[in-house]
Protein chains: 4
Amino acid sequence: MANGVNKVILIGHLGKDPEVRHLEIGSSVATFPIATTESYLDREGNKQSMTEWHNIVLWRGLAKVAEQYLKKGSKIYVEGRLTSRSYEKDGITRYVTEVVGREMLMLDTRGDAHPPMPEAEHEAMKKSTSEALPTAPAEITGDDPDDLPF
Amino acid sequence: MANGVNKVILIGHLGKDPEVRHLEIGSSVATFPIATTESYLDREGNKQSMTEWHNIVLWRGLAKVAEQYLKKGSKIYVEGRLTSRSYEKDGITRYVTEVVGREMLMLDTRGDAHPPMPEAEHEAMKKSTSEALPTAPAEITGDDPDDLPF
Amino acid sequence: MANGVNKVILIGHLGKDPEVRHLEIGSSVATFPIATTESYLDREGNKQSMTEWHNIVLWRGLAKVAEQYLKKGSKIYVEGRLTSRSYEKDGITRYVTEVVGREMLMLDTRGDAHPPMPEAEHEAMKKSTSEALPTAPAEITGDDPDDLPF
Amino acid sequence: MANGVNKVILIGHLGKDPEVRHLEIGSSVATFPIATTESYLDREGNKQSMTEWHNIVLWRGLAKVAEQYLKKGSKIYVEGRLTSRSYEKDGITRYVTEVVGREMLMLDTRGDAHPPMPEAEHEAMKKSTSEALPTAPAEITGDDPDDLPF
DNA sequence: TTTT
DNA sequence: TTTT
């Protein structure tokens with residue numbers, strides 16, 4: 001039952017170029033690691049930093065943006081959900097935890113090429129018509145159910 | 001340009017019953033205040049608490065859930081976006097800041113009636129078909145563009 | 001370099017009672033799994049749900065609250081950071097991803113006992129003295145202004 | 001009762017240079033507006049964007065960083081809490097909603113000067129000593145363990 | 001291994 | 001009043 005919340009928010013740098021796979025279905029998926037580094041001062045007042053690595057998975061539109069615009073070193077914001085899965089390797093069950101991105105922002109202000117349109121996960125928001133009503137919602141919806149590969 | 005993030009996460013209690021309006025278009029909107037209370041110990045070790053009031057706005061499916069299941073005192077989780085708007089009253093321009101909810105969870109564990117189905121903003125997630133691939137995305141998409149009034 | 005963000009927000013239920021260890025240093029640590037369940041409707045309109053399991057780690061004050069008040073089935077909100085670590089087992093390097101909680105809220109509205117004081121991670125908030133100033137900050141600080149490095 | 005959550009996460013650009021006040025107490029406060037812009041495609045496939053303006057308030061160390069490094073146009077990440085307050089002006093009670101920042105990150109990758117040390121709100125993190133234990137916490141604490149009430 |  |  002939807003009585004749960006599963007939300008991850010990260011800002012970090014890609015540790016590698018994205019690996020992108022184009023699926024028969026017409027969908028795409030990009031995977032890459034990002035490092036998030038938080039700094040602090042230790043007891044002696046020395047600067048310390050904590051770096052964590054995260055496996056990021058982006059689907060569809062976000063995968064395509066990743067393929068075209070992200071590379072090792074790129075700085076991004078990702079909002080998504082935590083997932084874990086297991087797989088067999090050498091007869092041993094191994095576990096991987098990944099962050100599946102729902103939103104992604106590129107944070108490099110370099111004069112690089114830019115995506116034609118910022119992306120939420122293969123989605124486009126609709127124009128709202130709220131007039132004198134309370135603030136209209138920021139819908140994020142699909143334009144056409146047919147472009148949803150599921 | 002979609003280089004921005006605007007996210008609010010609240011857990012609090014309704015200060016009043018929701019006011020719900022059913023719009024001609026077939027859509028609905030619910031508004032109500034919630035109080036979020038954070039506690040802390042002051043310098044003397046006394047317990048202090050900080051309460052803030054927030055104007056919540058829910059549209060469509062979430063408005064209907066609010067109408068049916070929320071009332072003064074209900075405890076909820078809301079994730080949404082901050083918006084501000086102005087209006088004239090007595091010849092004076094006034095400003096209101098509201099939180100437009102994208103997701104809402106009811107947190108009362110009382111034996112009350114429950115919504116038939118948890119709601120993201122008038123949306124239903126689609127079944128994903130990811131097989132042996134990296135963790136599949138948790139899509140939140142509209143089932144039918146026609147039920148979107150904007 | 002503190003140019004990173006690493007934030008996780010979860011609402012879910014404990015899959016087991018917390019395991020608590022009291023360390024020589026006088027500190028405590030509690031660990032337990034929680035399940036977050038998100039629901040959605042698939043293409044055929046059937047209800048589907050996605051459950052993910054997360055390893056939660058709570059330190060100090062939060063560990064003590066967990067020890068006293070949490071048990072299998074308890075519903076909680078946790079805000080924290082994602083961390084991964086490796087360990088050897090049977091000559092194989094294994095990886096674990098955990099969520100180290102910075103804030104925790106108990107969400108059970110049952111008539112159970114409650115913690116005497118809500119806890120942020122071994123912190124107490126200060127009374128603020130802001131009067132006619134912009135909204136006072138919700139400080140989370142140590143007890144002694146002298147240990148504030150700015 | 002700490003049964004509440006009040007969290008705001010924004011990424012946007014400063015609309016003006018920060019206004020900084022240095023208080024007698026030795027503290028500082030910076031205020032400035034930021035715009036968050038989210039983009040989307042409307043039904044006709046035209047690009048639309050939604051911009052919201054937010055009043056940001058930063059205290060102490062964060063105020064000093066703002067004073068030194070932020071200016072009109074700067075891009076930042078802010079995590080904080082929503083607050084509202086009222087004031088009288090021309091005999092009329094007016095309301096303001098502000099976001100009091102707990103964490104701030106500068107997101108400009110321009111070759112500008114950088115703050116000596118990233119800042120959380122007047123806090124310094126401790127070096128953790130967790131070794132063979134579960135992932136150590138990313139403490140944000142005062143400098144003196146004795147001021148930890150647990 | 002949780003919950004509705 | 002910002003930015004791309």
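- When each of F:dT3, E:dT2, F:dT1 is scored by its nearest atom to the side-chain atoms of C:T37, the top-ranked nucleotide is E:dT2.
- Residue C:I56 contributes atom CD1, which lies 19 Å from atom P of E:dT1 at whole-angstrom precision.
- If you check E:dT3, F:dT2, E:dT1 against the side chain of A:N3, the one that comes closest is E:dT3.
- The interatomic distance linking B:D108 (CG) with E:dT3 (C1') rounds to 15 Å, in whole Å.
- Taking only side-chain atoms of C:K16, from C-beta outward, the nucleotide of F:dT3, E:dT3, E:dT1 with the closest atom is E:dT1.
- Rounding to whole angstrom units, CG of residue B:L105 and P of E:dT2 are separated by 20 Å.
- Backbone-only engagement by D:L14 is indicated by non-hydrogen atom pairs under 4.0 Å involving sugar-phosphate atoms exclusively.
- Residue contacts shown for C:T51 include a base, since a base heavy atom lies under 4.0 Å away.
- The nearest whole Å value for the distance from the CE atom in A:M106 to the C1' atom in F:dT3 is 14 Å.
- Here the shortest heavy-atom pairing between D:A66 and D:F32 reads CB-CE2, 4.2 Å.
- Aromatic stacking is marked for D:W53 over F:dT1, as both cut-offs hold: 5.5 Å for the centres and 30° for the planes.
- Looking at every heavy atom in both residues, B:V99 comes nearest to B:L82 through CG2-CD2, 4.1 Å.
- The main-chain N or O of A:G73 is found under 3.5 Å from a side-chain atom of A:H13 such that the two form a donor-acceptor pair.
- Side-chain contact, C:S39 with C:S49: no donor N or O sits under 3.5 Å from an acceptor N or O.
- The NZ-P distance, from C:K72 to E:dT1, rounds to 7 Å in whole Å.
- Distance, D:I76 CD1 to F:dT1 C1': 14 Å, rounded to whole Å.
- Atom CG of C:L107 and atom C1' of E:dT3 are 12 Å apart (whole Å).
- Among A:L70, A:L107, A:D108, the single residue meeting the side chain to side chain contact (heavy atoms under 4.5 Å, CB included) criterion with A:I76 is A:L70.
- Straight-line distance from the CD1 atom of D:I34 to the C1' atom of F:dT1: 12 Å, rounded to whole Å.
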